[in-house]
Amino acid sequence: MVGSKRPRVVATLSGRLVDVGDPCPGSMHDSRAFRQSGIAARWAAHYEPDVMGMIGDKSYQGTGIRTPYKKPPGRELTDARKACNTALNGIRAAVERAIAHLKCWKVLKTGFR
């Protein structure tokens with residue numbers, strides 16, 4: 001998402017935080033922040049073609065990460081693609097929980113002295 005201040009994270013399917021990307025200055029699209037944060041370089045082997053190693057939301061389309069299908073202009077998604085999106089979003093819920101836990105850490109809000 002443009003203007004997003006969300007951290008770029010890698011988490012396990014159980015919601016355990018594994019890696020956090022470096023902060024990116026200013027407002028930028030998630031796919032660009034993914035590359036600039038260092039996450040893309042550190043985890044490149046996990047999102048190559050033919051490897052189901054990383055998933056993300058729709059804003060990461062085009063990065064090599066598996067993402068939900070977008071609705072085609074003027075048409076609906078097929079039932080099969082809707083089912084794929086539902087399954088993928090269920091898996092992504094663990095990552096969203098990891099992000100929520102990360103945001104709750106007070107040191108990230110106030111800085112470390």
Side-chain angles (χ1 to χ4, degrees):
M1 294 181 183
V2 176
S4 176
K5 296 295 182 190
R6 294 181 301 157
R8 308 299 169 247
V9 303
V10 177
T12 64
L13 293 179
S14 63
R16 181 177 170 265
L17 195 61
V18 179
D19 194 2
V20 178
D22 295 333
C24 295
S27 175
M28 67 180 67
H29 194 275
D30 282 345
S31 59
R32 181 175 169 207
F34 171 70
R35 290 187 303 275
Q36 287 190 356
S37 70
I39 293 282
R42 289 193 296 272
W43 293 87
H46 293 274
Y47 62 91
E48 293 175 353
D50 303 326
V51 177
M52 181 57 174
M54 292 188 86
I55 59 173
D57 62 25
K58 291 178 185 176
S59 64
Y60 291 96
Q61 285 188 337
T63 62
I65 294 174
R66 302 296 190 249
T67 59
Y69 291 102
K70 285 186 178 180
K71 189 178 100 166
R75 297 182 311 186
E76 293 297 319
L77 286 175
T78 63
D79 289 341
R81 288 191 172 195
K82 285 180 186 177
C84 287
N85 283 357
T86 299
L88 190 61
N89 289 335
I91 295 168
R92 283 187 38 244
V95 177
E96 297 298 336
R97 283 192 299 278
I99 293 169
H101 289 296
L102 179 65
K103 287 181 177 182
C104 290
W105 294 347
K106 189 173 184 179
V107 70
L108 296 177
K109 293 179 186 174
T110 60
F112 184 74
R113 293 185 280 227

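By convention here, the first residue in the shown sequence is residue 1.
Separation of atoms NE2 (His29) and CZ (Arg35) is listed at 9.5 Å; rounding is to 0.5 Å. Here the CG-CD distance, from Asp30 to Gln61, works out to 12.0 Å after rounding to the nearest 0.5 Å. Between the CD atom in Gln36 and the OG atom in Ser31 there is a gap of 10.0 Å [rounded to 0.5 Å]. In this structure, Thr86 OG1 and Asp79 CG are separated by 10.5 Å, a value rounded to the nearest 0.5 Å. Considering OG of Ser59 and CZ of Arg32, their distance stands at 14.5 Å, rounded to 0.5 Å.
Side-chain atoms of Arg75 do not come within 3.5 Å of backbone N or O of Lys71 as any donor-acceptor pair.
Between Arg66 and Met54, every side-chain heavy-atom pair lies at or beyond the 4.5 Å cut-off. Counting heavy atoms from C-beta outward, Asp57 and Thr67 have side chains that stay 4.5 Å or more apart. With a 4.5 Å cut-off on side-chain heavy atoms, Asp19 and Val9 do not count as touching. Inter-residue side-chain proximity for Leu77 and Cys84 is flagged as unmet; no heavy-atom pair is nearer than 4.5 Å. With contacts defined as side-chain heavy-atom distances shorter than 4.5 Å, the pair Ile65/Trp43 does not qualify.
Clustering ILVMFWY residues whenever any of their side-chain heavy atoms sit less than 4.5 angstrom apart, transitively, puts Val10 in the very cluster that holds Tyr60.
By the 4.0 Å N-to-carboxylate-O rule, Arg8 lies too far from Asp22 to be salt-bridged with it.
In terms of heavy-atom proximity, Ala11 sits nearest to Gly15 at CB-C, 4.5 Å. Contact detail for Ala94 and Ser14: the closest heavy-atom pair is CB-C, 4.3 Å. For Asn85 against Pro68, the heavy-atom pair with the smallest separation is OD1-CA, 3.2 Å.
Within 6.0 Å of CZ on Arg16 lie no more than 12 heavy atoms contributed by other residues, nucleotides or ligands.
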